[in-house]
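Notes follow the structure.
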Amino acid sequence: MTEAGDERRRGAGPPEVLAARRHKLESLRARGVEPFPHGYAGAEPIASVREAHAGLGVGEETIVAHRVAGRITARRGQGAMAFLDLVDRSGRIQLQARIDELGTDGLDLLTGLDLGDLIGVEGFAISSRRGELTLRLTAFTLLAKSLRPPPDKHHGLADTETRLRHREADLLANEETRAVFIMRARMVSAIRSYLDSEGFIEVETPILQPLYGGAMARPFTTHHNALDREFYLRIAPELYLKRLLVGGLERVYEIGRLFRNEGISTKHNPEFTSIEYYEAYADYINVADRFEELMRFVTAAIGYRGPIDFQRPWHRETLTGAIERRTGVDIRRCHDRGRLAGAMRAAGLDVPESDTWPQLVDQLVSKHVEPTLVEPTFLFDYPVETSPLAKRHRSEPGLVERFEAFIAGMEVANAFTELNDPDEQRARFEVQRALADGGDEEAQPYDAAYIEALEYGMPPAGGIGFGIDRMAMILTGRTTIREVVLFPAMRDT
RNA sequence: GCCGGCGUAGCUCAGUUGGCAGAGCAGCGGACUUUUAAUCCGAAGCGCCUGGGUUCGAGUCCCAGCGCCGGCACCA
């Protein structure tokens with residue numbers, strides 16, 4: 001059902017399922033029941049109730065009292081007795097409501113509540129005749145009345161559009177959705193604890209930036225009224241983080257939202273979460289080793305049980321070797337656009353006319369190499385043309401010390417030995433400026449403040465950035481970024 | 001941005017060659033003291049995404065629009 005449909009119906013009077021809940025709300029108030037009380041202190045998580053009675057035998061009853069709170073998700077009436085399912089953040093538990101415990105009025109009130117209502121309960125832990133852990137209720141309190149029916153209790157909520165536009169409905173109906181976002185949170189928490197334990201400090205740099213940089217992407221722009229100037233929403237925190245290396249912080253990381261004004265796809269959301277970390281006195285090989293270690297740590301910490309093996313050492317190839325192996329094109333022998341285009345045509349590959357040399361290299365990687373990289377893989381050593389912030393390779397002319405990491409056919413990380421020579425950085429920016437003048441919308445702008453920072457002296461360093469969302473996709477086994485972003489970008493209805 | 005698929009009750013879904021819009025769950029009324037998506041009986045609830053058109057007659061066929069999904073392009 002679309003939003004527009006809801007609105008129209010509201011104008012013509014609500015559907016009867018909504019009206020029924022409204023009427024029930026009023027009759028509760030008429031009975032003196034407050035439908036929206038202020039709190040319910042002292043409830044324990046359902047999971048801890050389960051833990052406390054793990055060894056309970058079938059049909060066994062205890063006099064251990066528990067107090068829990070949650071949402072009613074199912075009801076099985078038996079006249080003078082009823083069973084209900086209660087769900088909280090930690091799990092589900094069955095409730096048994098008996099007329100001899102609650103009285104006629106109490107049982108009527110409880111069984112008259114709706115699926116979706118939030119209640120707090122007290123009761124004794126017992127095992128039912130079928131062996132299910134159950135709370136035999138001695139008391140209950142309505143904690144919040146639900147005025148909108150929850151999705152089908154068995155089929156859950158399946159309509160993708162409703163799931164994404166009303167994530168709350170998705171979360172309350174689909175346990176699997178809750179599991180995905182809990183897993184994502186634990187993943188981020190594990191990343192933090194790894195980096196914290198390695199002496200990195202978490203920092204926050206500007207999201208509203210006077211000049212964007214650190215990646216090849218088109219930015220969002222916005223306007224600050226008091227300063228009367230345009231700001232960009234950051235496309236990357238890189239340049240600010242490296243200024244912190246200059247300042248002596250030496251090991252820094254930032255987890256936060258990035259914004260790129262580009263297309264939306266199963267792998268792209270206009271705002272997404274990345275982490276970047278930088279380490280003084282490391283080079284890109286050290287960074288690759290640490291990233292492998294980080295992923296081993298994170299997957300162990302969250303109990304990852306998926307198809308990808310993170311314990312084994314990652315595959316390592318050079319970029320040029322990977323391209324040559326898969327297409328026969330040796331980009332080292334094709335330093336100008338014409339030669340590369342010719343070699344690609346000779347190999348029977350598509351050559352878009354407007355593509356520049358770096359764009360053709362990108363094509364080769366994304367079309368012919370990336371899809372083959374299912375197991376965790378590093379590609380090392382990229383052309384200097386595609387990497388204006390990376391340090392020149394120590395032995396390979398024309399290349400920089402940069403790698404990208406791939407998992408499940410998807411690029412997940414980008415890293416390099418950082419360029420810390422201010423004069424060379426200035427020259428690289430000049431090249432970018434020329435590209436921008438030539439109409440390249442993604443060329444990086446000249447950042448004079450950054451050059452000035454490098455002039456104070458930046459330690460040799462390695463750094464990496466990777467997409468939290470894509471990592472979450474891989475670790476939760478989702479195929480679209482929308483399944484790991486709580487509220488993904490959607491069109492207006 | 002381009003190409004294709006989809007849009008029916010609060011939710012999950014049927015709907016034949018164009019012929020009175022349906023089921024299950026939820027909700028409503030009643031029965032029931034051990035049930036576990038789904039106990040039994042009964043009565044309700046759908047302007048079929050929006051707007052045009054063809055037709056005696058449109059959920060169904062045609063056109064346009066909106067949204068979602070899947071590709072492509074762009075990108076991480």
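Letters A, B, ... mirror the listed sequences (proteins, then strands); counts begin at 1.
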Non-neighbouring partners of [X] that pass side-chain contact (heavy atoms from CB on, under 4.5 Å), sequence neighbours left out:
X         : answer
Thr273(A) : Arg184(A), Ile255(A), Arg257(A), Ile468(A), Asp469(A)
Val64(A)  : His53(A), Thr62(A), His66(A)
Thr356(A) : Pro358(A), Gln359(A)
Asp289(A) : Ile285(A), Arg316(A)

Between protein and nucleic acid, restricted to nucleotides 21-24 of chain B and to nitrogen or oxygen atoms under 3.5 Å apart, what atom pairs and distances do you find?
residue : atom : partner   : partner atom : Å
G24(B)  : N2   : Asp152(A) : OD2          : 3.0

What residues, two or more places apart in sequence or in another chain, satisfy side-chain hydrogen bond (donor to acceptor under 3.5 Å, both in side chains) together with [X]?
X         : answer
Glu483(A) : Arg163(A)
Glu404(A) : Tyr382(A), Arg402(A)
Ser274(A) : none
Asp447(A) : none

Exercise for the section: Report yes if a side-chain nitrogen or oxygen of Arg130(A) is closer than 4.0 Å to either non-bridging phosphate oxygen (OP1 or OP2) of U34(B); otherwise report no. Expected result: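 Answer no for this pair, as no side-chain N or O of Arg130(A) is under 4.0 Å from OP1 or OP2.
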Exercise for the section: Check each residue of residues 257-265 of chain A for a non-hydrogen atom within less than 4.0 Å of any atom in RNA chain B, then write out the ones that pass by number, or none. Expected result: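 Contacting residues: Arg260(A), Glu262(A), Gly263(A).
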Problem - Strand-adjacent residues in residues 78-89 of chain A, judged by heavy atoms under 4.0 Å from RNA chain B - result: Gln78(A), Gly79(A), Ala80(A), Met81(A), Phe83(A)
Problem - By salt bridge (Lys or Arg N to Asp or Glu O under 4.0 Å) - contacts of Arg130(A) (at least two apart) - result: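 Arg130(A) satisfies salt bridge (Lys or Arg N to Asp or Glu O under 4.0 Å) with no other residue.
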